[in-house]
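Heads up: the structure comes next, in structure tokens.
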Amino acid sequence: MADQLTEYVNTLKPRRFKSHPFYSKDGDFLTYFFSGQDSFAERVDDILTVYRHMETREVVGFKLKGVAHLLRSLGSFEFEVVNGRGEVLLSMLLMLAPYTAPAGSASADLPIYKDLAERAKSAKVNKAELEVEPTASAC
Amino acid sequence: MKLPPPGYMPPEFCEIDGFCPVEFQVVSDLFRFRRAVLEHLERYGPAQRIYDTLLVPDAVLNPRRIYSGLQRANYRNGLCYCSLPETRTLVVEEKKVDDEIDEMVTEVVAAPQNKVFCVFVNLTGSKYTILDWQWRESDRGTPDAPMNASTHFGRLLWPIN
């Protein structure tokens, strides 16, 4: 089956890199890359991981975890993170995430959240794509 | 030295219901990628993450370390398989084919130094869903462990001390 995985990968035709958020329903995390360069992951805290360029260590992307919990927590403040077209603004998610995370799991004072929010300010993801289940257990 | 994870029979890949390109099985344990993940990477990239999936089967077959508990609610039973591949397929050039498509030129090169390849899985039903895979900086004193593993994971499952 490993060979079949290889065969499958060889059938893929990767397109030119384009920044686009991806929500993993299985992992309840959202990834966003600013660049398609080779990278490694560095865990910032329980809810944020950044991807750094393999050589220069420049931040080239991030992974925000616990998105379902975050959206539920925001609840009636939804208008602040969802624009009129039903799109979730990644920058707002990043700025608010540390404040809704379970106590001790995130470092709200870390400038990395602000920096990433600034870099991702034009990024949006359709809320329907998040497919957040209302019955999913909270973080 | 490569050691099998606890409770495992000697690993072998098995056929599962014919051709099923994004699933593979280690004896009785079925590991699977969600196709949407790979399709997203195909469409948007980074392409390198597609080629790094080729390291996943060996990571779960021949893990150097397995940690349980991903320090997140709902993922306390998640597992992290750590491996030290010797080589990897690296995208070294993207040749423009048309406005959207690049041809990825790849080479098999040595794996990055001082990095551990980590595969995160979660048991869903009777199958292990591969949540993510990534390189992490290795611990200076324990090269086959990711940095700060003791705080990032619940406990070390393998090897058994």
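In what follows, chains are A, B, ... by sequence order, proteins preceding strands, each numbered from 1.
A/Val67 and A/Met95 are members of different hydrophobic clusters when ILVMFWY side chains are connected at heavy-atom separations under 4.5 Å. Cluster membership check: A/Phe62 does not share its hydrophobic cluster with A/Val60, using side-chain heavy-atom separations under 4.5 Å among Ile, Leu, Val, Met, Phe, Trp and Tyr. Side-chain heavy atoms closer than 4.5 Å link hydrophobic residues (I, L, V, M, F, W, Y) into clusters, and following such links, possibly through other members, connects B/Phe31 to B/Leu123. No continuous path of hydrophobic side-chain contacts links B/Leu90 to A/Val9 [ILVMFWY only; heavy atoms under 4.5 Å]. In the hydrophobic clustering of ILVMFWY residues, with side-chain heavy atoms under 4.5 Å counting as a link, A/Phe33 and A/Val88 come out apart.
Using a 4.5 Å cut-off between heavy atoms, B/Glu42 contacts chain A through both its backbone and its side chain. Contact annotation for B/Thr53: both backbone and side-chain heavy atoms come within less than 4.5 Å of a heavy atom of chain A. Using a 4.5 Å cut-off between heavy atoms, A/Thr31 does not touch chain B at all. At a 4.5 Å heavy-atom cutoff, the contact between B/Tyr44 and chain A is made by backbone and side-chain atoms alike.
Contact count versus chain A (heavy atoms, under 4.5 Å) is highest, among B/Gln134, B/Gln48, B/Met147, for B/Gln134. The greatest number of non-hydrogen atom pairs below 4.5 Å with chain B, out of A/Ser19, A/Gly36, A/Gly27, is found for A/Gly27. Ranked by heavy-atom pairs under 4.5 Å with chain B, the first of A/Glu42, A/Met54, A/Lys63 is A/Met54.
Atom CG of B/Leu41 is separated from atom CZ of A/Phe17 by 10.5 Å, given to the nearest 0.5 angstrom. Note: A/Arg43 CZ to B/His152 NE2 = 4.5 Å, rounded to the nearest 0.5 Å. Once rounded to the nearest 0.5 Å, the distance linking OG1 of B/Thr89 with CG of A/Asn10 reads 8.5 Å.
Ring orientation note: the planes of A/Phe22 and B/His40 are tilted relative to one another, at an angle of 30° to 60°.
Side-chain contact between B/Pro46 and A/Tyr51: absent, with no pair of heavy atoms (C-beta onward) separated by less than 4.5 Å. Considering only heavy atoms from C-beta on, B/Asn122 stays 4.5 Å or farther from A/Asp26 through its side chain. Residues A/Arg16 and B/Lys96 are in side-chain contact: their nearest non-hydrogen atoms beyond the backbone lie under 4.5 Å apart.
Both cation-pi conditions hold for B/Lys115 and A/Phe40: the charged atom is under 6.0 angstrom from the six-membered ring centre and inside a 45 degree cone around its axis.
A 6.0 Å sphere centred on CZ of A/Arg52 holds more than 12 heavy atoms belonging to other residues, nucleotides or ligands. Environment of CD in B/Glu39: crowded, with over 12 heavy atoms of neighbouring residues, nucleotides or ligands closer than 6.0 Å. Within a 6.0 Å sphere centred on CD of B/Glu93, heavy atoms belonging to other residues, nucleotides or ligands number more than 12.
In this structure, B/Arg49 contributes its side chain and A/Asp38 its backbone to no donor-acceptor pair below 3.5 Å.
Look at B/Asp132 and A/Lys65 and you find no salt bridge, because none of the NZ, NE, NH1 or NH2 atoms lies under 4.0 Å from a carboxylate O. A/Arg57 and B/Glu137 are joined by a salt bridge, as a carboxylate oxygen and a charged side-chain nitrogen come within less than 4.0 angstrom of each other.
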Side chain to side chain contact (heavy atoms under 4.5 Å, CB included) evaluation trace for B/Arg72 with A/Ile47: CA-CA 8 Å; B/Arg72 292 177 57 198; A/Ile47 61 170; over 6 Å; no

